[in-house]
Amino acid sequence: MSVKHFLQLKDFTREEFEYLFRRTRRLKEKFKRYEPHPTLADRTLAMIFEKQSTRTRLSFEAGMHQLGGSAIYLNTRDTQLGRGEPVEDMAQVVSRMVDLVMIRTFEQATLERFAAHSRVPVINGLTNEYHPCQIMADIYTFIEHRGPIQGRTVAWIGDSNNVCRTWLQAAVIFDFNLHVSTPPGYELEPERAGISDLSHYRSFADPMEAARGADLVTTDVWTSMGFEAEDEARRKAFEDWQVDAEMMRLAKPDALFMHCLPAHRGEEVTAEVIDGPQSVVWDEAENRLHTQKALMEYLLLGERED
């Protein structure tokens, strides 16, 4: 029997996500009522970090604890992987000792090499190419606030990074429209998202036009982790791609604002927007916890109704 992994968003079908969102709502309700839900008792999650993290580590570690299991933090600087141990060898060893692995690393190829030699499910906690756990939480947050995302319009303003590419996968899976506006030279390359169906995607030179009529406006930092050497050049290139109150007024009156965090107020978004009434960034951050609990449970136990 083959092992099921979550390496990019399109690894799952829309029907699977619909189950995960139902399960997320159930797990979140239990969490709010302080009801124990130890479905993963005696199960262990290994968390392997090559990139730094706040929300990813906390949400996976706390989530595993709330499901009755335990989580082990491994930083590549402190393991043999940091001294040149082959990824394939580490996968063979780690997957014999734990039930589930989450990896946050630079190259998608590293994640895929690990998964190919793992006996247990592997989850993408972020790579340079994709950030599926984040978009799963974002879509759940939209549904929680506004109902189905099918047929809606999401405007991505800023860098065509791993989050943006994952939004493109999501648009195809969930049948919504994705408007993307990036500065010249930073355009989205759909083939890097592994998407050939571009019927859900439109590119805009003007970020204001991308946001016009949108149900959701979302962005990320101008300089992602690993691109710090480009910071000064990016600040200049992106200065007209700030999400501000004027841009939000062009979106629908009930449009939401999201940001995967950490945010730099005064750069990619103004304080007025991220701390304003249309922002759901704190719900979005919390929902990483609950959607990932549903994901881990599903990968280990399949669908449940308890």
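Worth knowing before you read on, the calculation uses all heavy atoms, side chains too, and leaves out hydrogens, waters and symmetry mates. Model, not experiment: these values are computed from the prediction.
A distance of 11.0 Å separates CD1 in I143 from CG in D138, rounded to the nearest 0.5 Å. If you take CD on E246 and CG on L250, they are separated by 6.5 Å, rounding to the nearest 0.5 Å.
With hydrogens and angles disregarded, no donor-acceptor distance shorter than 3.5 Å links the side chain of E35 to the backbone of L27. Within the 3.5 Å criterion, the main-chain N or O of L7 finds a donor-acceptor partner in the side chain of N124. Of the possible donor and acceptor atoms, none in the side chain of T218 sits under 3.5 Å from a partner among the backbone N and O of W156. S95 places a side-chain N or O within donor-acceptor distance of the main-chain N or O of R119, the cut-off being under 3.5 Å. Using modelled atom types, no side-chain atom of S118 and backbone atom of F114 make a donor-acceptor pair closer than 3.5 Å. Between the side chain of H259 and the backbone N or O of L261 there is at least one donor-acceptor pair closer than 3.5 Å. Side chain of R152 to backbone of R146: a donor-acceptor contact under 3.5 angstrom is found. Of the possible polar contacts, none joining the Q278 side chain to the F257 backbone as a donor-acceptor pair under 3.5 Å is found. With R234 contributing its side chain and W222 its backbone, the two residues share a donor-acceptor pair below 3.5 Å. Within the 3.5 Å criterion, the main-chain N or O of Q242 finds no donor-acceptor partner in the side chain of E268.
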Item to check | CA sep, side-chain torsions, deciding dist, call: T166, Q134, side-chain contact (heavy atoms from CB on, under 4.5 Å) | outcome: CA-CA 9 Å; T166 310; Q134 181 65 55; over 6 Å; no

Next on the checklist: Assess the residue pair E18 and R22 against the criterion (salt bridge (Lys or Arg N to Asp or Glu O under 4.0 Å)); give the C-alpha distance rounded to whole Å, side-chain angles, the decisive distance to 0.1 Å, and a yes or no.
Outcome noted: CA-CA 6 Å; E18 288 172 350; R22 292 194 303 272; 5.2 Å; no

Checklist entry - So N75 and K51, side chain to side chain donor-acceptor pair (under 3.5 Å) or not? Walk me through it. => result CA-CA 9 Å; N75 189 298; K51 282 191 173 188; over 6 Å; no

Item to check | Intermediate values then yes/no, salt bridge (Lys or Arg N to Asp or Glu O under 4.0 Å), R304 and D306 | outcome: CA-CA 6 Å; R304 298 175 65 91; D306 57 324; 3.0 Å; yes

Item to check | side-chain contact (heavy atoms from CB on, under 4.5 Å) between E129 and N162, intermediate numbers included | outcome: CA-CA 5 Å; E129 286 77 16; N162 50 0; 5.6 Å; no

Checklist entry - Run the side chain to side chain donor-acceptor pair (under 3.5 Å) check on S181 and W241 step by step: do they pass? => result CA-CA 8 Å; S181 182; W241 274 261; 2.9 Å; yes

Next on the checklist: As a quick check of understanding, evaluate side chain to side chain donor-acceptor pair (under 3.5 Å) for Q150 and D175, giving each step before the final call.
Outcome noted: CA-CA 5 Å; Q150 183 178 11; D175 189 23; 3.0 Å; yes

Item to check | Candidate pair T39 and L301, rule side-chain contact (heavy atoms from CB on, under 4.5 Å), full reasoning | outcome: CA-CA 9 Å; T39 51; L301 304 178; 4.0 Å; yes

Checklist entry - salt bridge (Lys or Arg N to Asp or Glu O under 4.0 Å) between R212 and E209: does it pass, once the steps are laid out? => result CA-CA 5 Å; R212 189 181 298 276; E209 289 305 310; 2.9 Å; yes

Item to check | Residues R26, E305; criterion salt bridge (Lys or Arg N to Asp or Glu O under 4.0 Å); working and verdict | outcome: CA-CA 9 Å; R26 175 75 168 150; E305 299 301 329; over 6 Å; no

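What you find for M90 and E85 is that their closest heavy atoms are N-OE2, 4.0 Å. The shortest non-hydrogen separation linking Q292 to S59 is NE2-OG, 2.9 Å. When all heavy atoms are compared, the tightest approach of G158 to T182 is O-CG2, 2.9 Å. Summarising the geometry of V98 relative to T44, their closest heavy-atom pair is CB-O, 3.6 Å, with the distance given to 0.1 Å. Taking every heavy atom of both residues into account, V163 and C260 meet most closely at CG2-SG, 4.1 Å. In plain terms, the two heavy atoms of W167 and L216 that are nearest each other are CH2-CD2, 3.7 Å.
Checked against a 6.0 Å centroid threshold, the rings of F174 and F17 count as neighbours. Aromatic pair H290/F31: ring centres closer than 6.0 Å. Ring to ring, Y298 and F12 are close: their centroids are under 6.0 angstrom apart.
Residues W282 and I139 do not share a hydrophobic cluster, clusters being chains of Ile/Leu/Val/Met/Phe/Trp/Tyr side chains in contact below 4.5 Å. Residues V3 and L100 do not share a hydrophobic cluster, clusters being chains of Ile/Leu/Val/Met/Phe/Trp/Tyr side chains in contact below 4.5 Å. Hydrophobic clustering (ILVMFWY, side-chain heavy atoms < 4.5 Å, transitive): L58 and M64 are in distinct clusters. Both M136 and I149 are assigned to one and the same hydrophobic cluster, defined by single-linkage of ILVMFWY side chains at heavy-atom distances under 4.5 Å. There is no path of hydrophobic side-chain contacts, each under 4.5 Å, that joins L299 to L111.
Applying the side-chain contact (heavy atoms from CB on, under 4.5 Å) test to A271 and every residue at least two apart in sequence or in another chain returns R265, D275.
Counted within 6.0 Å of CZ on R96, heavy atoms from surrounding residues, nucleotides or ligands total 12 or fewer; the atom is thus considered open. Residue-environment remark: CD (E272) stays at or below the threshold of 12 foreign heavy atoms within 6.0 Å. Other residues, nucleotides and ligands contribute over 12 non-hydrogen atoms within 6.0 Å of the NZ atom of K32.
Taking the six-membered ring for Trp and thresholds of 30 and 60 degrees, H179 and F204 have ring planes inclined between 30 and 60 degrees apart.
Considering E29, E297, E16 in turn, E297 is the only one that fulfils the salt bridge (Lys or Arg N to Asp or Glu O under 4.0 Å) rule with R23.
For the residue pair N287 and T141, a side-chain donor N or O sits within less than 3.5 Å of a side-chain acceptor on the partner.
A salt bridge between K4 and D11 is absent, with no side-chain N of the basic residue lying under 4.0 Å from a carboxylate O of the acidic one.
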